Structure formats: structure tokens, C-alpha cells
Trainee: 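Please see the structure below; I have some questions.
As the structure is a prediction and not an experimental result, all values here were calculated from the model. Scope of the values below: all heavy atoms of this structure, side chains included, with no hydrogens, waters or symmetry mates.
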Amino acid sequence: GDSLPSDLQPLSVDNIKKIREIGRWGNGIAYDLAWSPDGRQVAISTSRYLLLINSETLKTEAGIPLDFPLYRIAYAPDNQTIYGGGTQGKLWRYSIADDMQETLTLGTVVPVTAVSVSHDGQTVVTADWKNAVHLLNLDTGKLKHDFATTLSGSMALGFSTDDELAFTWS
């Protein structure tokens, strides 16, 4: 790409397109960490990437660029799918096998504060800053249930071992 003007002109509409990334130090601010169910991989969400790290060699296997930070992440039981929620009030899904990302709408625009995947892999539960909890059917991509908590926004979620109950903690 073109370099910045040698006379160090201030950035303007006229020269902004000349700026090019020539390097990047670090991977951003770390927000969450999740172990794959089989223990072979660790996913770390940062302000810039989702990093997939081999738990035996500690080498980074993938660095998936993110359009928005993921505050919370969770593996699905298949070890091949990671869900995350972030600043945009959306649920993000990444398929490791297909190297494919998609964003699912939760009907909110506030940041997601917690994410959990059921043991059978059929449901994701998320919470947000507006004290709402969303249950999403992963087969259909449709919301199964929305409800409001009476306390502050949930920061921790989980399913019972039989997936009959979703727990939330504020």
C-alpha cells in the first residue's frame, strides 16, 4: 500500500485511505476462555480474535478475526462449534470444521453477558445487560423463550445435566 505522506500531514478524508496495517502487536484484550469438551483445545476470545490453542502443545492453531468482541464464549458438545456473545447483542457461531462464522439475532441490541450450550447441543441460553435471558433452539435458529430476570444482568449461566433446567446467576 501507499505510505503516509512524508511531511506528516494530519489525517483527513483526503488521505485516510492511504493508511494500511503493516503490523499488529498482541492479540487484543482477553475476555473469556473455554475448554473444548474433549480437553484438546482452548478457545480464548479477545477484542480482536477468537484464538484456538492446542492444549498439549500450547500452539495457536487458528486466529479467527472478529467483527466485534466476544465477552463470553462456550463450546458445543460436538467439540466443533463455538458460540459467543458480545457487544452487539447477537449470538455468534463458529464452525471449526467448516471455518465458517455466522451471527444469529437474539432480538436485543445490548451486550451479551453470558452464554451456555446445553449438553445435548440443541439449545443455547444467553443473558444480556437488560436482565433478559434468551433460550435459542439451535436446530431451527429460533428463540424458544425470552424472559426477564428480576435482578441485575446475569453473568453466569448453565444447564442441569439432563438439560431440563437452565440456571442463571446475577
Trainee: Would a distance-only check, ignoring hydrogens and angles, find a side-chain to backbone donor-acceptor pair under 3.5 Å from Asp163 to Ser118?
Mentor: no
Trainee: Quick one: closest heavy-atom pair of Ala74 and Val117, and the distance?
Mentor: CB-CG2, 4.1 Å
Trainee: Please check: side-chain N/O of Ser45 versus main-chain N/O of Leu70, any donor-acceptor pairing under 3.5 Å?
Mentor: yes
Trainee: Is the Tyr31 ring parallel, tilted or perpendicular to the Tyr71 ring (thresholds 30°, 60°)?
Mentor: perpendicular
Trainee: Hey, mind stepping through Arg93 and Gln101 against side chain to side chain contact (heavy atoms under 4.5 Å, CB included) and telling me if it holds?
Mentor: CA-CA 6 Å; Arg93 176 169 43 196; Gln101 304 179 43; over 6 Å; no
Trainee: Could you verify whether a donor N or O on one side chain and an acceptor N or O on the other, from Asp162 and His119, lie under 3.5 Å apart?
Mentor: no
Trainee: Decide side-chain hydrogen bond (donor to acceptor under 3.5 Å, both in side chains) for Tyr75 and Gln80; before the verdict, give the C-alpha distance in whole Å, the side-chain angles of both, and the deciding distance to 0.1 Å.
Mentor: CA-CA 8 Å; Tyr75 270 91; Gln80 295 298 309; over 6 Å; no
Trainee: Is there a path of hydrophobic side-chain contacts, each under 4.5 Å between heavy atoms of I/L/V/M/F/W/Y residues, joining Ile73 to Tyr94?
Mentor: yes
Trainee: Shared ILVMFWY cluster between Leu33 and Ile53, side chains joined below 4.5 angstrom?
Mentor: yes
Trainee: Under the side chain to side chain contact (heavy atoms under 4.5 Å, CB included) criterion, do Val124 and Leu91 qualify, and how do the steps go?
Mentor: CA-CA 9 Å; Val124 169; Leu91 182 67; 3.9 Å; yes
Trainee: Strictly distance-based, threshold 3.5 Å: is any side-chain N or O of Thr46 a donor or acceptor partner for the main-chain N or O of Asn27?
Mentor: yes
Trainee: Taking the side chain as everything from C-beta on, heavy atoms only, tell me whether His134 gets closer than 4.5 Å to Asp128.
Mentor: yes
Trainee: Between CG of Leu66 and CH2 of Trp92, what distance do you get to the nearest 0.5 Å?
Mentor: 5.5 Å
Trainee: Of the options Thr81, Ile64, Ile82, which is the one that meets Ile96 in a side chain to side chain contact (heavy atoms under 4.5 Å, CB included)?
Mentor: Ile82
Trainee: Looking at Asp99, is its backbone amide N or carbonyl O close enough to the side chain of Ser95 to form a donor-acceptor pair, meaning the two atoms are under 3.5 Å apart?
Mentor: no
Trainee: Any idea which heavy atoms bring Asn79 and Pro37 closest together, and the distance?
Mentor: OD1-CD, 2.9 Å
Trainee: Does the Ser47 side chain pair with the main chain of Ile29, one donor and one acceptor, at a distance under 3.5 Å?
Mentor: yes
Trainee: Quick one: pull up CG in Asn54 and CZ in Arg40 and give me the separation to the nearest 0.5 Å.
Mentor: 10.0 Å
Trainee: Please answer whether the main-chain N or O of Ala62 pairs with a side-chain N or O of Thr60 as donor and acceptor at a distance below 3.5 Å.
Mentor: no
Trainee: For Asp98 and Met100, indicate whether the former's side chain and the latter's backbone hold a donor-acceptor pair under 3.5 Å.
Mentor: no
Trainee: Is it possible for you to say whether Trp35 and Leu52 belong to one hydrophobic cluster, with membership spreading through side-chain heavy-atom contacts below 4.5 Å?
Mentor: no
Trainee: List the atom of Gly85, the atom of Val115, and the distance in Å for their closest heavy-atom pair.
Mentor: N-CG2, 3.7 Å
Trainee: Could you check whether any side-chain N or O of Ser160 sits under 3.5 Å from a backbone N or O of Leu165, counting only pairs where one atom can act as donor and the other as acceptor?
Mentor: yes
Trainee: If I compare all heavy atoms of Leu58 with all of Ser55, which pair ends up nearest, and what's the gap?
Mentor: CD2-O, 3.8 Å
Trainee: So, for Ser116 and Gly158, which heavy atoms are closest and what is the spacing to 0.1 Å?
Mentor: OG-CA, 3.6 Å
Trainee: Looking at Thr126, Leu136, Val112, Leu138, which hits side chain to side chain contact (heavy atoms under 4.5 Å, CB included) with Tyr83?
Mentor: Leu138
Trainee: Indicate the atoms forming the closest heavy-atom contact of Asp139 with Asn137, along with that distance.
Mentor: N-OD1, 2.7 Å
